[in-house]
Amino acid sequence: MNSLCNGRVIDFSGLRDYAVRVTKPESMNNTNSSNVINLSKKMDLSSLKIVKKDGTLEKYDIQKVVNAIKKSAERMLVELSDKEIESICEHVNNSVFAQHNKEIDIAKMHCIVENALEDVNPKVAKSYRNYRDYKIDFVTMLDKVYQESQRIMYVGDKENSNADSALVSTKRSLIFNQLNKELYKKFFLTVPELQAVRDGYIYIHDMNARRDTMNCCLFDVANVLKGGFEMGNLWYNEPKSLEVVFDVIGDIVMAAASQQYGGFTVPEVDKILAPYAQKTYDRQYNKYIEMGLDEQKADEIATKDVEQCYHDGFQGWEYKFNTVASSRGDYPFITVTMGLGTEKFEKMASIVMLNVRREGQGKKENKKPVLFPKIVFLYDENLHAEGKVNYDIFEAGIECSKKAMYPDWLSLTGEGYVASMYKKYGRVVSPMGCRAFLSPWFERGGFEPADEDDKPIFVGRFNIGAISLHLPMIYAKAKQEGKDFYEVLDYYMEMIRGLHKRTYDYLGEMRASVNPLAYCEGGFYGGHLGFHDKIKPLMKYATASFGITALNELQEIHNGKSLVEDGQFAIEVMEYINKKVAQFKKEDGYLYALYGTPAENLCGLQVKQFRKKYGVVDKVSDKPYVSNSFHCHVSEKITPIQKQDCEKRFWDLMNGGKIQYVKYPLDYNTEAVKTLVLRAMDMGFYEGVNLSLSYCDDCGHEELNMDVCPKCGSKNLTKIDRMNGYLSYSRVKGDSRLADHKMEEIKDRVSM
């Protein structure tokens, strides 16, 4: 229902609060007694009815007006005096009485209250009006959520390849996420920020979760396990065997990963498991000695028992992490890093884990690799080079990569930031999920080392979210408006900066109870807070990411050349952004980082946004997708070595998140895979092996990139492709979890 009020057309939906009794604020009345103003004695309003929006009637009650104006005042940090409240009530009663009607519409009632407030306190009147405007917006918002819910219920959703939208639980989560996303946009964003998001100049990742929690992390599982912990109001004693620790870690991961979004990494899992393997070995060894076996035989059988426990445990993780969705409705993006342990049971953990992944899961003659956990091989040439102590782990890793694509490979002894932390301090910067890396935080010095003995902390830390710049759109805007590109870029970088600062402040007000394993049981660094403590002390070492997308298209729109053909302008822009981020970091005291965005759904959305504003531009918006991060266009006809060299130019410009991958046009060629991986390790890369794995679900035949089984003619295939920095199903039971634009990108792949 609309009403003209002070020259404005306003839709007053719902019934506001108004009534007869006015209670004097306790701060103004030491006796806490009520100061009752019975204004209804001045005029007979006892028979007056309010016509609500739904047509029902309710008795007129001035106290509801009092309640409503007090709430409006509180929102503006204003305290209305008794005299002001009495004046407003008198104005309202007089205006109502002057209507000479037995009934009055709720819209008219709102207009009367607003006019009364304007005479007393315009700020409170504005608060009252804005609250009503929210109601109007909520109608639109809920309608949008309803439309999305219908699409999700009957069509499905492919925005996140880790979420199976065919499941009821996932549908529920997706519908809630739509509401949460709309609430974030309405109540967290300013108008300029909202406009920038809608136009597409910036992209705020995971808006459906940012109001609730933090992003990706390196979870300190070892610290949680040590000495026991509490989970779900139940005390878990520290495990005494390898069998039990696998189950307990699985419970920890599923519970903690559900309380965040983004990647959940368990760093150096081989070293975490080894002490429990030793306990199992000791138990079994002593048992066999008591049975009368000699020491050599007891050692041999006990060692085999441990190996079998490892096998069963890793297989159990693969079952659990690929079939049990989290409370968020998706399969948590779980990563484990491994390969540095040199002791007997550390090495055994790494090798068995790789062998289990390589063998795959499924029926006896129809096995295929799973997607989770993502495995990352921590490569140290002093341990893994031929003839070194862990060369056997390296060989197992190569065999696994050529059959399952994982593990991805992280160089600790090549060039660049990650390697420098390892070589100087002996500390590993494991990736959080598909590509995000933490900036260093020192034990005593914080941002900078206090002295030469100070060391950086990485395990137990987290990220609070990423916001990406759409560089080609920003460039197009600058050209269209006749402005300097860097001036427009600065505007959007400052916008992201402001969003990050508010996010730090907002999340810092959360209580430790929102994620007890992380904040109370030691999963996060310093995470031994009380249940009701605010998590603000832990925010000081959290990172926040500035992301970039479509660097190749930026170079194209600049001078019509790709990153392969040129790339100089793209490098110049990235150097500029790095300097700006470093400046913001110093001025704000926050750990900002620069991130090569792994655009999944975003790579299609950004094309639509660009076309809406600037049309179809050759090699910029003519495809249904844009290039990810700093990667060369997937259709470039270049060799893997050429692609590695081309992308190396950008490697040190995105230390907050990056991965390099090339397409291996090989048929499970061990030496070729090994050669390319070792080259990547020398260059300091975080390297992904990219194949297109295809499996016939009818006869079990497997080969690279088939669409019809050559053995039995079936089209019932499972296909696994690299999404960005992670793997996903591009085909399963005749369908795909990937969006259409991503499938188009996969079709175009030559070098990726």
Side-chain angles (χ1 to χ4, degrees), residues 1-25 28-29 33-143 146 186:
M1 181 179 294
N2 293 334
S3 177
L4 189 63
C5 184
N6 287 343
R8 298 177 304 278
V9 177
I10 302 174
D11 177 10
F12 300 112
S13 56
L15 182 62
R16 303 295 295 158
D17 304 316
Y18 38 92
V20 172
R21 298 172 65 85
V22 179
T23 303
K24 190 173 184 179
M28 299 174 62
N29 188 346
S33 62
S34 295
N35 179 23
V36 179
I37 306 171
N38 195 347
L39 296 172
S40 62
K41 290 180 181 179
K42 297 180 181 180
M43 56 198 76
D44 185 11
L45 299 173
S46 60
S47 61
L48 180 66
K49 302 292 184 183
I50 302 299
V51 183
K52 298 172 67 176
K53 189 177 180 182
D54 61 5
T56 60
L57 301 178
E58 185 171 295
K59 185 178 177 181
Y60 174 70
D61 185 354
I62 194 64
Q63 183 61 45
K64 292 193 174 181
V65 174
V66 174
N67 293 342
I69 63 177
K70 281 186 172 181
K71 289 178 182 177
S72 297
E74 286 171 3
R75 284 192 290 272
M76 302 302 292
L77 302 179
V78 171
E79 185 175 304
L80 295 172
S81 68
D82 275 1
K83 186 175 181 180
E84 288 173 320
I85 292 173
E86 183 173 352
S87 174
I88 293 165
C89 291
E90 192 163 8
H91 182 133
V92 170
N93 275 335
N94 286 332
S95 298
V96 168
F97 187 76
Q99 300 296 314
H100 302 296
N101 292 322
K102 293 183 179 180
E103 296 177 356
I104 183 169
D105 287 341
I106 187 64
K108 187 96 172 178
M109 191 67 211
H110 283 315
C111 197
I112 289 170
V113 175
E114 185 184 329
N115 285 334
L117 281 168
E118 285 283 3
D119 290 342
V120 174
N121 192 313
K123 283 179 63 179
V124 177
K126 184 176 185 296
S127 172
Y128 182 87
R129 182 166 55 251
N130 287 345
Y131 188 81
R132 289 202 325 276
D133 291 343
Y134 287 152
K135 285 190 170 185
I136 300 168
D137 291 343
F138 266 115
V139 173
T140 304
M141 183 191 303
L142 289 174
D143 181 64
Y146 173 74
K186 180 62 188 174

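Index from 1, following the sequence.
- E118 has its side chain within reach of R129: a pair of non-hydrogen atoms, C-beta onward, lies under 4.5 Å apart.
- The backbone N or O of K83 sits nowhere less than 3.5 Å from a side-chain atom of S87 that would complete a donor-acceptor pair.
- Looking at heavy atoms from C-beta onward, I104 lies in side-chain contact with I112 at the 4.5 angstrom threshold.
- Heavy-atom minimum distance, A73 versus V124: N-CG1, 3.8 Å.
- Minimum interatomic distance between Y128 and A68 (heavy atoms only, all atoms of both residues): CE1-CB, 4.2 Å.
- A distance of 10.5 Å separates CG in L45 from NZ in K59, rounded to the nearest 0.5 Å.
- Partners of S47 under the side chain to side chain donor-acceptor pair (under 3.5 Å) rule, at least two apart in sequence or in another chain, do not exist in this structure.
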Step-by-step side chain to side chain contact (heavy atoms under 4.5 Å, CB included) determination, V113 to L117: CA-CA 6 Å; V113 175; L117 281 168; 4.2 Å; yes

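- Note that CG of N115 is 5.0 Å distant from SG of C111, once rounded to the nearest 0.5 Å.
- Interatomic distance, OG of S127 versus CG of N121, reported as 10.0 Å (0.5 Å rounding).
- Considering only heavy atoms from C-beta on, V92 comes within 4.5 Å of M109 through its side chain.
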Side chain to side chain contact (heavy atoms under 4.5 Å, CB included) between I85 and K70, worked out: CA-CA 9 Å; I85 292 173; K70 281 186 172 181; 3.8 Å; yes

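- For the side-chain contact (heavy atoms from CB on, under 4.5 Å) test, residues two or more places apart in sequence or in another chain that qualify with E103 are K49, V51, L57.
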